[in-house]
Amino acid sequence: MKETFRLVGVMAAFCAVAGLLLAWANQVTSDPIEEAARAEKRQALREILKGCDNDPEAETVEIEHDGRQWTFFIGRKGDAFAGVAFESASEKGYGGPIRIFVGLSADGKVQGVKVLQADGETPGLGARIKEPSFLDQFIGRPVINTRWAAVAKDGGEIQAITGATISSRAVAEAIRTGLEVYSENAAAIRSKMTARPSAAAKGGTP
Amino acid sequence: MSFRREFLKGLWEEIPVFRVVLGLCPTLAVSTSLENGLGMGLAATFVLTCSNVVISLLRKYIPSKVRIPCFIIVAATFVTLVDLFMNGFAHQLHKNLGIFIPLIVVNCIILGRAEAFAARNTAWLSLADGLGMGLGFTLALAAVSAIRETIGNGSLTLWKGFGWHLPGYQPILLLILAPGGFIVLGCILALMNRMEARRAARKGRAYAPPPAMDCRHCIICKWGE
């Protein structure tokens with residue numbers, strides 16, 4: 001009996017110390033982690049909305065489509081509309097969901113793609129969807145008529161990464177879904193965008 | 001039992017993946033590129049060294065009946081600490097290594113060294129053992145991944161965008177897929193056994209495979225004796 005108490009006591013002490021340490025570490029790091037994630041998102045938005053001089057995070061349009069909330073970040077150059085960025089995702093990654101950021105230019109072309117999350121993809125294979133050599137294929141493609149946004153095996157124009165067809169397919173699917181949602185709601189996004197009082201006040205449209 | 005000896009044994013004589021044949025799961029999973037191999041190896045070295053020292057300092061207070069859960073708590077705490085701090089203060093590094101860090105908890109080298117070494121040696125020697133074993137693991141991973149990346153992808157990347165690419169080479173994809181890991185690892189093990197056998201023959205001794213490859217000598221089963 002005494003022995004049992006000793007064992008339980010030691011285990012409890014270990015867990016207590018570990019718990020306290022982790023609680024402290026969590027407290028110390030939660031703000032920097034959040035800040036780093038925000039900075040990363042800001043950086044991604046800047047990269048995929050080239051030629052914008054506003055803060056896209058400051059002007060967003062929320063659209064509900066098929067029961068999912070989509071956030072569109074509006075890029076402006078001066079007062080003029082210069083592009084829009086949004087987050088899209090596919091559940092069909094090799095090992096979990098893949099989330100991406102897509103940036104469109106004002107003339108209706110894809111101008112940047114960035115992978116935000118692809119945790120389950122195999123390092124050296126599926127994880128290569130993050131590399132520019134793969135993602136650059138999407139740049140300059142049209143927003144309407146998205147049949148190109150599929151891997152070549154499925155009749156599209158995207159060269160899948162060798163040995164990583166599933167991951168490549170998931171990225172293409174996420175982009176296609178995103179573009180379709182954007183096209184269907186483009187009018188609504190435009191109207192909401194200009195109707196925003198803050199945007200009008202800041203832009204000072206004549 | 002000197003610091004130097006305990007350190008060096010991890011680099012050849014008892015090199016984790018090839019001689020002790022521990023830590024195969026991360027070896028096969030992440031050795032698809034040199035960059036990944038080095039990243040995983042160094043992250044594991046850090047955790048292994050820390051957990052070795054802490055376990056060795058606490059070894060007098062850990063009852064042998066509950067030692068395994070205690071070791072796991074120590075290792076898991078360190079892994080989580082590394083994960084949180086790296087995420088907060090070295091975010092870019094965390095993005096590159098992020099997938100490997102949680103894998104370290106289940107790396108049997110950590111538990112194996114805690115059980116076989118740190119629990120019965122001083123903190124100073126455990127530090128040497130952790131560093132040596134960790135670097136040996138890194139070395140082994142680097143060897144496997146360098147071979148796999150070169151043949152399977154036609155490139156060798158040391159760090160993000162810093163490396164070279166073989167132009168005009170048609171990669172043998174199999175090598176970076178899962179079977180390639182087993183094939184390369186098997187070839188290296190065979191090669192090391194052959195080298196050891198030759199060395200033994202030169203010295204006029206009969207060659208015996210390393211004790212850790214033979215279950216009868218398993219150190220873990222001998223704990224109670």
Kindly check if the number of other-residue, nucleotide or ligand heavy atoms within 6.0 Å of [atom1] ([X]) is above 12?
X: B:F182; atom1: CZ; value: no
X: A:F134; atom1: CZ; value: yes
X: A:K153; atom1: NZ; value: no

State, with a plain yes or no, whether a side-chain heavy atom of [X] is found less than 4.5 Å away from one of [Y].
X: A:R128; Y: B:T32; answer: no
X: A:F14; Y: B:T77; answer: no
X: A:E35; Y: B:H91; answer: no

Which atom pairs, one a donor and one an acceptor, fall under 3.5 Å between side chains of residues 15-31 of chain A and the rest of the protein, sequence neighbours left out?
| unit_1 | atom_1 | unit_2 | atom_2 | d |
| --- | --- | --- | --- | --- |
| A:T29 | OG1 | A:A25 | O | 2.7 |

Suppose a student defines contact as a heavy atom less than 4.5 Å from any heavy atom of chain B. Which residues in [range] would they list?
range: residues 154-183 of chain A; value: A:T162, A:G163
range: residues 80-89 of chain A; value: none
range: residues 140-147 of chain A; value: none

- Item | Smallest separation among heavy atoms of B:G88 and A:P32, with atom names | O-CB, 3.5 Å
Please classify the contact of [X] with chain A as side chain, backbone, both or neither, using a heavy-atom distance under 4.5 Å.
X: B:F78; answer: neither
X: B:L84; answer: both
X: B:N153; answer: side chain

- Message: If we define contacts as heavy-atom pairs under 4.5 Å, which of A:E40, A:R6, A:E3, A:E34 has the most with chain B?
- Response: A:E40
